Amino acid sequence: QEDAYILNLPIDMMALSGDEKNQFENWVTHNYPHKGPSRFPPRHVFGQYIAHTAEELCFIAKGHGINLQFKTNTEIIAVEPLKSHNRYQVSSKKESFEADHVIFCIGHMPSCNYRQFIGKSGYHHNPWSNKGYEQIDSDQPVAVLGSRISAIDVVMKLKSSGHTGKISLFSRDGLLPSVLSNSVPAYPLQYLTLNNINQYKSTNGQLPLKVLINLFWKEVSQAENKTVTFEQIIDSHKHYSALERLQKEIHQAERGARPWQQVLFSLYPIIPHIWPS
């Protein structure tokens, strides 16, 4: 519930489906007029938008005789297939339930990482726990394990709380985040299109991840007007210090649109159609 934890995508890119462009922006304007126009509102506002949409879906489903339930704040620790039929047992620490289908939406660091430090003096495992921040004196030095969104959240929270001690971020893999350009104009996808994906599926029956990745790099190379590979990106980080890399990123973001970011932004609306493939 911290205003310091902002969205990392502009408000007009945030949607619950590819067909709902600007709905979240309109919702924020209507429900939070006092916050003023911001391209990057707090993330908890988007959470409230999701909750509002969920309530509407429950109401609509009830009209069709469907009981729709949402389980939130429930950390799933195991998913196991049931031998008797094609169902799954899904377990949290408090309960277990069965499901016909399970969809994994990955993206978070595994919750088991750094658990060996829990209980040690000065270590706080949950970056979103206000109790952890209450135990940090404002002039204490703070070391943050990570340098991406959650790590930046921690810095923003400390700064908004008036923290004066030194803050150091330690990248776990030696890489730093890229910086978003001030402007990301629309880009017409040429390879990574729904039409190409559907054609491949109709011919081959499924869409292997390798094919999707190859289409992605082909699209990025086309946009950048040069061959781009993941290995090249990793290698480029080795030629600069962390500070030089970050300064270069900021300079490029301020200079104008970055083609690879345009590709990503054009890709976002069709991801819901690609994911089931």
Side-chain angles (χ1 to χ4, degrees), residues 5 7-9 13-24 27 43-113 115 125-126 128 148-150 189 191-217 219 230 263-277:
Y5 302 157
L7 293 170
N8 64 313
L9 285 175
M13 289 299 301
M14 297 298 294
L16 296 179
S17 81
D19 304 323
E20 296 184 356
K21 192 170 176 62
N22 296 326
Q23 280 199 13
F24 172 55
W27 186 87
R43 285 211 292 279
H44 69 82
V45 174
F46 188 66
Q48 289 168 35
Y49 170 66
I50 294 173
H52 169 80
T53 306
E55 286 180 12
E56 286 187 333
L57 289 173
C58 286
F59 180 78
I60 294 168
K62 195 172 183 180
H64 294 276
I66 300 169
N67 179 26
L68 188 59
Q69 294 181 330
F70 294 93
K71 289 185 179 291
T72 58
N73 297 319
T74 304
E75 182 182 8
I76 301 303
I77 58 175
V79 178
E80 298 173 308
L82 295 170
K83 294 179 181 178
S84 53
H85 17 43
N86 294 325
R87 288 171 66 80
Y88 299 89
Q89 180 167 295
V90 183
S91 304
S92 69
K93 288 182 178 178
K94 296 180 179 179
E95 62 178 326
S96 293
F97 49 92
E98 293 185 12
D100 293 314
H101 303 280
V102 177
I103 300 172
F104 290 106
C105 298
I106 58 173
H108 293 282
M109 186 175 72
S111 59
C112 57
N113 282 22
R115 281 195 178 276
H125 191 68
N126 181 3
W128 297 285
R148 297 182 187 173
I149 296 170
S150 296
L189 295 173
Y191 300 103
L192 201 54
T193 64
L194 274 181
N195 188 45
N196 285 349
I197 288 167
N198 290 334
Q199 279 187 349
Y200 188 93
K201 279 176 61 181
S202 63
T203 306
N204 300 278
Q206 58 180 354
L207 179 70
L209 183 59
K210 186 176 181 180
V211 171
L212 190 64
I213 291 172
N214 288 340
L215 285 171
F216 173 78
W217 289 117
E219 191 73 71
F230 186 66
V263 169
L264 284 178
F265 273 40
S266 298
L267 177 62
Y268 286 140
I270 66 171
I271 285 178
H273 301 284
I274 294 174
W275 191 258
S277 303

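Position 1 is the first residue of the sequence, and the numbers go up from there. Quick caveat, the model's predicted, so the values are computed rather than measured.
Considering only heavy atoms from C-beta on, Glu75 stays 4.5 Å or farther from Ser92 through its side chain. When side chains are defined from C-beta on, Ile197 counts as touching Ile274, because their heavy atoms get closer than 4.5 Å. Between Ile149 and Arg43, some side-chain heavy-atom pair lies under the 4.5 Å cut-off. For the pair Met13/Tyr268, a side-chain contact is recorded, criterion being any heavy-atom separation below 4.5 Å from C-beta on. For the pair Leu7 and Met14, the minimum side-chain heavy-atom distance is below 4.5 Å. Side-chain atoms of Phe97 and Lys71, non-hydrogen and from C-beta on, do get closer than 4.5 Å to each other.
By the 30° and 60° cut-offs, the orientation of the rings of Phe24 relative to Trp27 is parallel.
To the nearest 0.5 Å, atoms CG (Leu192) and CD1 (Ile270) are separated by 5.5 Å. Atom CD of Glu219 sits about 4.5 Å away from atom CG of Leu189, to the nearest 0.5 Å. Here OH of Tyr5 is found 9.0 Å from OG of Ser150. Values are rounded to the nearest 0.5 Å. Atoms OG1 and CG, from Thr53 and Leu16 in turn, are 5.0 Å apart once rounded to the nearest 0.5 Å.
No more than 12 heavy-atom neighbours from other residues, nucleotides or ligands sit within 6.0 angstrom of CD1 on Ile103.
The backbone N or O of Tyr88 lies less than 3.5 Å from no partner atom in the side chain of Glu98, so there is not a single donor-acceptor pair. Of the possible donor and acceptor atoms, one in the side chain of Asn196 sits under 3.5 Å from a partner among the backbone N and O of Tyr191.
Listed by first then second residue, pairs satisfying ring-ring contact (aromatic ring centres under 6.0 Å, His included) with a partner in residues 54-74 number zero, not counting sequence neighbours.
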Side-chain donor-acceptor pairs of residues 200-215 under 3.5 Å, sequence neighbours excluded:
residue, atom, partner, partner atom, Å
Lys201, NZ, Ser277, OG, 3.1
Ser202, OG, Asn198, O, 3.3
Ser202, OG, Gln199, O, 2.8
Thr203, OG1, Gln199, O, 3.0
Asn204, ND2, Tyr200, O, 3.0
Asn214, ND2, Lys210, O, 3.3

